[in-house]
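This report concerns only the one structure given below.
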Amino acid sequence: MDINDVTIRTTIQPGDLGYVIYRHGVLYSQEYNYGISFETYVGAGMYEFYKNFDPAMDRAWICEHEGKIIGFLLLMHREKNTAQLRYFYLEPAYRNIGLGRKLMSLYMDFFHGHHYKHSYLWTTHELSAAASLYTRFGFRLTEEKESTAFGKSLKEQRYDLLIPGKY
């Protein structure tokens, strides 16, 4: 697989959000044994995103290969000129080709180009590869809390962008 075979679009089309919710449910169940509560959490967040969607402040990056969604990332505006990074996923066959790095670069470009002052994300301790990518772009672990929200015991982790512009 080559990153040049992947197209990235930012226009949300019918079916995109539902498909991403579905793939989060399936992938995180298979890879991390998360329950249906995780899928419903993603669904509620997608609803919130689209309900408050402002194309001047929000962005979704939808990665496709041969007409199929294979990755996704969104930037969701929050209060006080803050952006939240959410729902980053790549299908297993498209990992380790530089696509995650590309999406993070697009996120950071939008973040800076729209003059956000702060960004944060929530993840879990089990997603170490993702955490490594976030830290390479300036995010730092700022909070951890024990949780059973996704049908199993884990640590939820908050990462904040503490050095905007250094990526």
Side-chain angles (χ1 to χ4, degrees), residues 1 6 8-53 58-79 82-104 106-107 111 118-161:
M1 182 53 50
V6 175
I8 302 173
R9 61 180 166 83
T10 58
T11 302
I12 300 169
Q13 299 174 356
D16 287 346
L17 302 181
Y19 185 77
V20 171
I21 293 165
Y22 164 75
R23 291 306 297 153
H24 267 76
V26 170
L27 283 174
Y28 282 77
S29 174
Q30 292 171 345
E31 295 179 357
Y32 301 103
N33 199 32
Y34 288 6
I36 292 174
S37 57
F38 177 72
E39 187 173 351
T40 60
Y41 165 81
V42 174
M46 285 291 197
Y47 171 75
E48 179 192 6
F49 169 72
Y50 198 72
K51 180 178 72 170
N52 298 309
F53 182 72
D58 300 303
R59 180 62 49 102
W61 292 271
I62 302 111
C63 304
E64 293 180 313
H65 181 243
E66 297 178 350
K68 182 178 175 187
I69 295 174
I70 54 85
F72 186 84
L73 174 64
L74 69 77
L75 180 150
M76 183 172 180
H77 78 276
R78 296 297 192 181
E79 294 180 349
T82 296
Q84 184 178 7
L85 187 155
R86 302 190 86 178
Y87 310 123
F88 195 167
Y89 102 94
L90 297 173
E91 293 290 341
Y94 297 87
R95 297 174 188 165
N96 300 309
I97 63 167
L99 187 54
R101 201 167 36 255
K102 172 73 172 174
L103 286 171
M104 283 300 297
L106 291 169
Y107 180 94
F111 173 86
H118 179 249
S119 182
Y120 71 96
L121 64 95
W122 282 96
T123 187
T124 70
H125 76 284
E126 296 173 312
L127 280 75
S128 57
S132 176
L133 182 63
Y134 302 142
T135 58
R136 278 184 266 151
F137 281 82
F139 285 83
R140 298 294 175 257
L141 179 62
T142 57
E143 183 180 341
E144 278 189 312
K145 61 184 178 182
E146 298 291 330
S147 175
T148 57
F150 303 143
K152 63 184 259 188
S153 293
L154 51 79
K155 287 182 187 169
E156 291 186 56
Q157 298 178 319
R158 178 179 166 136
Y159 283 79
D160 286 85
L161 185 60

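Values reported hereafter were calculated over all heavy atoms of this structure, with side chains retained and with hydrogens, waters and symmetry mates removed.
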In chain order, what residues pass the salt bridge (charged side-chain N to carboxylate O under 4.0 Å, His left out) check against Glu39, with sequence neighbours excluded? none
The side chain to side chain donor-acceptor pair (under 3.5 Å) partners of Thr142 (sequence neighbours excluded) come to Asp160
With sequence neighbours left out, what residues match Glu48 under side-chain contact (heavy atoms from CB on, under 4.5 Å)? Asn52, Met76, Arg78, Arg86
Set of side-chain contact (heavy atoms from CB on, under 4.5 Å) partners for Glu146, sequence neighbours left out: Lys155
Partner set under side chain to side chain donor-acceptor pair (under 3.5 Å) for Glu144, not counting sequence neighbours: Gln157
Determine which pairs satisfy salt bridge (Lys or Arg N to Asp or Glu O under 4.0 Å) with at least one residue from residues 63-76, sequence neighbours left out, and list them in order. Arg9-Glu64
If only atom types and distance count, is the side chain of Thr124 paired as donor or acceptor with the main-chain N or O of Glu156 below 3.5 Å? no
Looking at Ile36, I want to see if its CD1 is surrounded by more than 12 non-hydrogen atoms of other residues, nucleotides or ligands under 6.0 Å. no
Sequence neighbours left out, what passes side chain to side chain donor-acceptor pair (under 3.5 Å) with Thr123? Give chain and number order. none
Among all residues two or more places apart in sequence or in another chain, which pass the salt bridge (charged side-chain N to carboxylate O under 4.0 Å, His left out) test with Glu31? Arg95
Mind checking what makes ring pair (Phe, Tyr, Trp, His ring centres under 6.0 Å) contact with Tyr87, not counting sequence neighbours? His24
side-chain contact (heavy atoms from CB on, under 4.5 Å) with Ala130: which residues, sequence neighbours excluded? Leu127, Tyr134
Under the side-chain contact (heavy atoms from CB on, under 4.5 Å) test, which residues partner Tyr22, sequence neighbours left out? Tyr19, Val26
Just to verify, what does Arg59 make a salt bridge (charged side-chain N to carboxylate O under 4.0 Å, His left out) with, not counting sequence neighbours? none
